[in-house]
Amino acid sequence: MKSGLTRAALFAGALILPANIVNAQQGDGTDVQIITNIFKPNKVAATSDRIGQLKVPEGFTVQPFAQGLGNSRIIAVSDQGYVYVSRREEGDVLLLKDEDGDGKADRAPVQVAARAQAHGLAIKDNKLYLVTVKEVFVADIKQDGTLGPLTLIIGDLPDSGQHPNRVMAFGPDGMLYISVGSTCNACNESNAENATVLRATPDGKSRTIFASGLRNTIGFDWNRETGELWGLDHGIDLLGDEVQPEELNRLEQGKQYGWPHVFGEGDLYPQSTPVGGVTKEQWRDQSEAMVIGYTAHAAPMQMKFYSGTAFPAEYAGDAFATMRGSWNRNPASGYEIVRIHFENGEPKSIEPFLTGFLTDGGKTHFARPVGLAVAKDGSLLMADDTNGVIYRIAYTGAAQKIADTKSVPAAAMKAQAEKGVGVPLAKDRPETASKAALEVSTDAFASNAAIPQKHSEYADGVSPALEWKSVPGAASYAIVMEDPDSDPIKPFVHWVAWNIPGSVTSLSEGLQEQLRLVEPEGVLQGRNSSGTHGYFGPKPPVGDAAHHYHFQVLALDTMLDIPATSDRDAFLAAISGHVLAKGELVGLYQQKIEPPKQ
């Protein structure tokens with residue numbers, strides 16, 4: 001609860017909440033009145049007079065870098081200074097150059113790629129990465145800045161719905177982070193990869209959910225001092241002019257950030273209901289509150305920690321973000337660039353930096369900021385997707401400049417990625433020590449035999465039916481499924497479930513993939529290595545030798561009181577000293593044929 005916004009302030013004049021709202025579930029009589037606005041300021045031309053009225057801090061200037069670009073969205077700048085901008089509606093990527101250093105693009109832009117719904121861009125090792133709604137492509141950057149052929153490396157990102165604008169960036173750990181927005185304003189997603197940030201290998205062959213409960217985090221970047229990942233998430237619409245604030249979150253592996261049931265500092269969304277009988281209070285307890293909020297409906301887009309040396313020293317460690325602007329608020333919010341001021345690695349404030357795109361008292365606008373990048377000369381480049389202008393914000397004052405910064409430290413991200421990696425299987429850990437064994441079986445496959453394809457993520461991805469012998473005195477049973485042959489996550493946790501009642505000695509095929517089961521009642525399913533909850537089937541790389549999948553069943557003398565967001569290691573810590581017996585069933589899976597699109 002670090003923001004200055006209080007619950008009372010958030011809801012004042014917007015929501016009238018009954019006393020029972022904190023316990024709101026489906027069909028509980030909730031009755032909430034919401035006063036909201038739909039207001040879209042008219043678009044006007046980006047004339048020289050209007051551009052001349054833009055406001056930036058003293059010593060800064062703002063001028064067009066390029067014009068007439070259409071639906072310009074995301075910007076990426078190469079080490080050579082080449083500027084790439086995606087255009088979603090045109091479905092392409094343009095190349096811009098400023099070879100004479102006058103702060104303006106030379107000649108006409110060059111189309112260097114064409115793919116439907118082209119949006120997010122990232123650059124690494126002289127390669128340009130492009131993400132559409134469902135695909136990620138990569139191409140070599142040639143000496144003149146044009147691209148070689150595009151190669152598909154990911155083809156199965158989730159369908160998009162309300163938020164099709166995928167974005168991505170490479171972290172200091174060398175991994176590719178992809179933001180996948182929600183399909184809706186506030187709903188329980190059927191695909192666990194929606195409303196997340198994904199973490200993928202640069203070749204696209206492996207990916208996991210890094211963080212979840214994020215409605216639409218288009219803007220994210222790494223703090224150049226600490227190496228921590230920060231992101232700006234879009235708030236829920238239609239809750240009133242002042243609700244929900246846009247959220248600045250510290251994004252960490254395995255954590256959940258509230259959406260769709262909880263927002264801001266811990267406020268509950270009145271309409272939604274978590275699945276599996278999880279209460280909103282439990283969902284809130286398992287979620288991270290925002291660190292700082294900003295004006296509701298401002299619509300944060302691309303975000304960048306400043307990496308140049310051309311700005312005054314007071315901006316060292318700060319980030320900037322574009323705010324595309326509201327449609328669900330009157331008066332309008334956003335239509336600006338904001339500065340996120342950090343001190344000692346922690347955000348202290350979010351404040352306007354470039355304003356003036358709203359005109360005629362807020363009734364019209366001539367830009368909706370989207371793309372943001374630091375140019376090679378240290379200026380900021382901002383893309384407007386309304387009138388197709390890229391603006392250049394430069395510092396020409398005399399203040400002392402920022403000292404040259406080193407590369408972003410990788411330790412923070414590597415520590416998160418290495419957690420629980422390179423450890424023994426659960427059955428071989430001291431936490432599972434026991435004197436007795438139990439027998440585990442399934443009708444789906446024999447011990448050390450092939451697992452049918454339908455149980456893999458290449459096909460149906462359904463959990464197999466499991467049975468085990470009853471253990472006297474068992475209060476509950478638990479399951480851990482691991483693959484010790486995986487790479488780089490070794491072992492890969494495919495399933496962790498606990499609080500299976502002691503009277504239950506079998507599970508049926510095709511269990512729900514969610515935090516809590518309603519049958520068997522009360523069974524909790526923790527976070528596996530894919531970042532989902534429930535069974536995640538075998539998915540070894542195509543052509544690998546068969547991987548071994550260990551279905552380990554543990555009999556416990558207690559029920560566990562740990563949240564469903566717990567991972568395998570938190571689960572093992574909780575069961576230490578409580579294991580009565582354990583057993584396992586090993587199955588094999590190999591994928592020989594490359595799927596047509598993955």
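All heavy atoms count here, side chains included; hydrogens, waters and symmetry mates do not.
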Can you see which heavy atom on L96 is nearest to which on P109, and at what distance?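 Where L96 meets P109 most closely, the heavy atoms are CD2-CB, 3.3 Å.
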Might you point out which heavy atoms bring G371 and T322 nearest each other, and give the distance in Å?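 Distance-wise, the nearest heavy atoms are O-CG2, 3.7 Å.
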Report the C-alpha separation of T132 and E135 in whole Å, then their side-chain angles, then the decisive distance to 0.1 Å, and conclude whether the side-chain hydrogen bond (donor to acceptor under 3.5 Å, both in side chains) test is met. CA-CA 5 Å; T132 64; E135 301 91 11; 2.4 Å; yes
Sort and list the pairs that fulfil ring pair (Phe, Tyr, Trp, His ring centres under 6.0 Å) and have at least one residue in residues 180-200, not counting sequence neighbours.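 Every candidate ring pair (Phe, Tyr, Trp, His ring centres under 6.0 Å) pair involving residues 180-200 fails, so no pair, neighbours aside, qualifies.
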Sorted by first residue and then second, give each side-chain hydrogen bond (donor to acceptor under 3.5 Å, both in side chains) pair with at least one member in residues 82-95; sequence neighbours left out.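 For residues 82-95, and leaving out neighbouring residues, the side-chain hydrogen bond (donor to acceptor under 3.5 Å, both in side chains) pairs sorted by first residue read R87-D92, R88-N165, D92-Q111.
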Show me the pairs that pass side-chain hydrogen bond (donor to acceptor under 3.5 Å, both in side chains) and involve residues 298-307, at least two apart or across chains.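 Pairs touching residues 298-307 that pass the test: none.
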Pairwise disulfide (SG to SG under 2.5 Å) hits with a residue in [range], at least two apart:
{"range": "residues 305-379", "value": "none"}
{"range": "residues 88-138", "value": "none"}
{"range": "residues 180-262", "value": "C184-C187"}

Output yes when D106 and K97 qualify as a salt bridge under the 4.0 Å nitrogen-oxygen rule, no when they do not.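 Salt bridge flag = no for K97 with D106.
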Taking only Lys NZ, Arg NE, NH1 and NH2, and the carboxylate oxygens of Asp or Glu, determine whether D98 and K104 approach each other closer than 4.0 Å.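 No, this pair does not count.
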Hey, is CD on E351 packed in by over 12 heavy atoms from elsewhere, all under 6.0 Å?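 Count over threshold, so yes.
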If the plane angle is over 60° it's perpendicular, under 30° parallel, otherwise tilted; pick one for F210 and Y177.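 It falls in the perpendicular class, over 60°.
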Modelled atom types, side-chain donor and acceptor of Q117 and H119, under 3.5 Å: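 There is no such pair between these side chains.
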With [X] via side-chain hydrogen bond (donor to acceptor under 3.5 Å, both in side chains) - residues at least two apart:
{"X": "E252", "result": "K255"}
{"X": "S529", "result": "none"}
{"X": "R166", "result": "none"}
{"X": "D237", "result": "R215"}

List, one per line, each side-chain donor-acceptor pair under 3.5 Å for residues 36-57, sequence neighbours excluded.
residue, atom, partner, partner atom, Å
T36, OG1, N328, ND2, 2.9
N37, ND2, D241, OD1, 3.0
N37, ND2, D241, OD2, 3.1
K43, NZ, T386, O, 3.4
T47, OG1, R50, N, 3.2
R50, NH1, A45, O, 2.9

For the ring pair Y129 and F170, is the centre-to-centre distance below 6.0 Å?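 Distance test on ring centres: under 6.0 Å, yes.
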Please list, chain by chain and in numerical order, all residues satisfying ring pair (Phe, Tyr, Trp, His ring centres under 6.0 Å) with Y257, sequence neighbours excluded.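 Scan of Y257 (ring pair (Phe, Tyr, Trp, His ring centres under 6.0 Å), adjacent residues dropped) gives none.
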